[in-house]
Q: 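Dumping the structure here so I can ask a few things about it.
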Amino acid sequence: MNTKDWKILLVDDEHEFITTLAERLDLRGIPARVVFDGESALEAIAADEPQVVVLDVLMPGIKGLEVLERVKRSNPHVQVLLLTGHGSTRDGIEGMRLGAYDYMMKPLNIDTLIEKMESAIDYARKSAKAGQ
Amino acid sequence: MRDALFMGKLTASATHEMQNILATIRESSGLMEDLLAMGGEDFKHAERFKKGLRVLAEQVERGMALSEQLNYCAHAPEAGPAGADVNEALRALTGLMHRQAARSRVGLELSPGRTGLRTALRPVEVMEAVALAVEAALGLLPPGSQLRLCVEEQGGLAVVRLFAPGFEALRETPAWTGLSAQARSLGIGLSPGPGGLGAVLALPRPVA
């Protein structure tokens with residue numbers, strides 16, 4: 001698996017959590033950009049489309065599910081992995097209905113996250129090809 | 001009721017915060033683990049360090065379980081059209097009462113039973129009634145006993161069964177009277193278990 005060309009965007013208002021996660025991904029050869037709110041996420045996606053967005057559901061300002069909705073409208077090939085908290089089933093199911101690729105509950109297992117990222121990238125590539 | 005909903009709202013928000021704290025601890029300890037694996041051979045205290053990281057991971061798991069149970073409690077006073085999932089309510093309750101049981105030196109466990117059974121009661125009402133039965137049993141069972149809870153279906157009703165050796169004496173105690181009154185007020189049927197052992201709480205069926 002060549003991860004160097006993966007384009008990942010991580011979005012969470014928990015600075016320590018998300019920057020440490022980015023650092024751990026970097027140690028595994030997976031580059032990831034980090035932003036801390038929904039507005040910045042939408043700007044980052046518009047400026048340079050990622051393949052996968054890892055998106056926290058509960059954030060101040062624009063909520064994760066709203067970001068998801070807007071991303072799926074503007075950039076339908078971008079795959080979104082939601083990070084949910086308690087009551088994850090409800091948020092997760094709602095997220096899947098809105099077009100999320102999958103959801104995970106915090107705290108994360110990094111190996112599971114990478115597996116889901118890989119599968120989402122594969123799906124994104126296939127769906128982009130099919131849409132050409 | 002309004003008090004419980006208000007406290008629940010505050011608690012639910014705090015449990016989300018706890019979850020973020022635990023997630024950050026896990027990522028930070030994960031990073032230390034990664035860095036140790038990359039070049040820790042020369043580190044004199046590597047083994048001790050690894051042990052510390054294992055403890056951190058275990059404690060995060062423990063914190064997560066507790067945080068989930070508290071989050072469940074926070075939402076338990078809320079009434080929903082589908083009523084309460086009995087197994088979910090008992091899972092949170094047994095997790096939270098585990099420490100109380102341990103103080104009485106009684107093991108408390110939820111046996112694998114039927115999942116998906118519902119009742120018209122709110123989760124908090126299921127938890128309160130079963131907690132009363134558990135507390136009554138804890139005051140009675142000798143140290144070293146094991147108290148088991150199980151969710152079953154009987155005649156279309158969700159039924160909670162409590163059983164432990166020597167538990168039959170419960171019906172001779174004042175606690176049984178209190179439990180009976182509480183059960184009646186919630187529309188719960190209370191009876192001895194099969195063979196006179198333990199107690200059975202038959203919960204009101206969900207609204208169709």
Side-chain angles (χ1 to χ4, degrees), chain A residues 3 8 10-32 34 36-38 54-61 63-65 81-95 103-117, chain B residues 8-40 53 56-76 78 80-82 84-85 87-88 91-92 95-96 115-116 123:
Chain A
T3 59
I8 309 290
L10 307 177
V11 191
D12 197 320
D13 63 309
E14 287 288 327
H15 290 225
E16 278 301 329
F17 165 74
I18 206 71
T19 50
T20 310
L21 179 62
E23 206 175 335
R24 294 189 74 196
L25 290 171
D26 187 54
L27 287 175
R28 288 160 173 79
I30 301 171
V34 174
F36 304 113
D37 57 64
V54 178
L55 177 65
D56 188 40
V57 170
L58 273 182
M59 289 185 294
K63 299 282 179 280
L65 291 182
L81 294 173
L82 290 174
L83 300 183
T84 64
H86 299 299
S88 61
T89 316
R90 198 172 36 195
D91 283 341
I93 290 170
E94 178 60 8
Y103 63 93
M104 294 181 76
M105 194 166 157
K106 285 184 185 173
L108 296 176
N109 176 310
I110 195 158
D111 295 326
T112 312
L113 174 67
I114 294 170
E115 277 168 26
K116 284 184 193 278
M117 281 177 173
Chain B
K9 203 171 156 186
L10 289 184
T11 308
S13 170
T15 60
H16 284 293
E17 207 53 22
M18 275 169 66
Q19 200 175 32
N20 277 325
I21 292 166
L22 293 167
T24 305
I25 293 172
R26 176 178 284 177
E27 286 315 315
S28 295
S29 66
L31 178 62
M32 286 190 266
E33 218 171 304
D34 293 346
L35 296 172
L36 196 62
M38 285 170 68
L53 291 172
L56 269 179
E58 283 163 14
Q59 295 305 309
V60 165
E61 288 300 321
R62 194 175 161 203
M64 274 308 296
L66 187 58
S67 167
E68 274 175 38
Q69 289 152 5
L70 284 176
N71 183 267
Y72 185 86
C73 275
H75 292 288
E78 295 167 10
D85 181 308
N87 220 63
E88 274 181 18
R91 208 169 38 232
L96 289 167
T115 53

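Residue numbering restarts at 1 for every chain, and letters A, B, ... go by the order of the sequence lines. Basis for what follows: all heavy atoms, side chains included, without hydrogens, waters or symmetry-related copies.
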Q: Just verifying a value: how many Å separate Lys106(A) NZ and Glu27(B) CD, rounded to the nearest 0.5 Å?
A: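 The NZ atom of Lys106(A) sits 10.0 Å away from the CD atom of Glu27(B).
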Q: For Glu61(B), give me all partners under salt bridge (charged side-chain N to carboxylate O under 4.0 Å, His left out), at least two apart in sequence or on another chain.
A: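 Checked Glu61(B) against salt bridge (charged side-chain N to carboxylate O under 4.0 Å, His left out); matches are Arg26(B).
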Q: To the closest 0.5 Å, what do you measure between CD (Glu23(A)) and CG (Leu31(B))?
A: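 The CD atom of Glu23(A) sits 4.5 Å away from the CG atom of Leu31(B).
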Q: So which atom in Ala23(B) and which in Pro107(A) form the shortest heavy-atom distance, rounded to 0.1 Å?
A: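 Here Ala23(B) and Pro107(A) meet closest at CA-CB, 3.7 Å.
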Q: Using 0.5 Å steps for rounding, measure from the CE atom of Met38(B) to the CG atom of Leu27(A).
A: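 Result: 5.0 Å between the selected atoms.
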Q: Which atoms of Leu83(A) are under 4.5 Å from chain B, going by heavy atoms: the side chain, the backbone, both sets, or neither?
A: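 Neither the backbone nor the side chain of Leu83(A) comes within 4.5 Å of chain B.
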Q: Checking Gln59(B) now: which residues fulfil side chain to side chain contact (heavy atoms under 4.5 Å, CB included) with it, not counting sequence neighbours?
A: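 Result, side chain to side chain contact (heavy atoms under 4.5 Å, CB included) vs Gln59(B): Val55(B), Arg62(B).
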Q: Any heavy-atom pair between the side chains of Glu17(B) and Glu14(A) that's under 4.5 Å?
A: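 Touching, per the 4.5 Å side-chain cut-off.
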Q: So for atom CD, which belongs to Glu16(A), do other residues, nucleotides or ligands contribute more than 12 heavy atoms lying within a distance under 6.0 Å?
A: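 Counting other residues, nucleotides and ligands, CD of Glu16(A) stays at 12 neighbours or fewer.
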Q: Check whether any side-chain heavy atom of Arg28(A) sits under 4.5 Å from a side-chain heavy atom of Asp34(B), and report yes or no.
A: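 They are in contact (side-chain heavy atoms under 4.5 Å apart), so the answer is yes.
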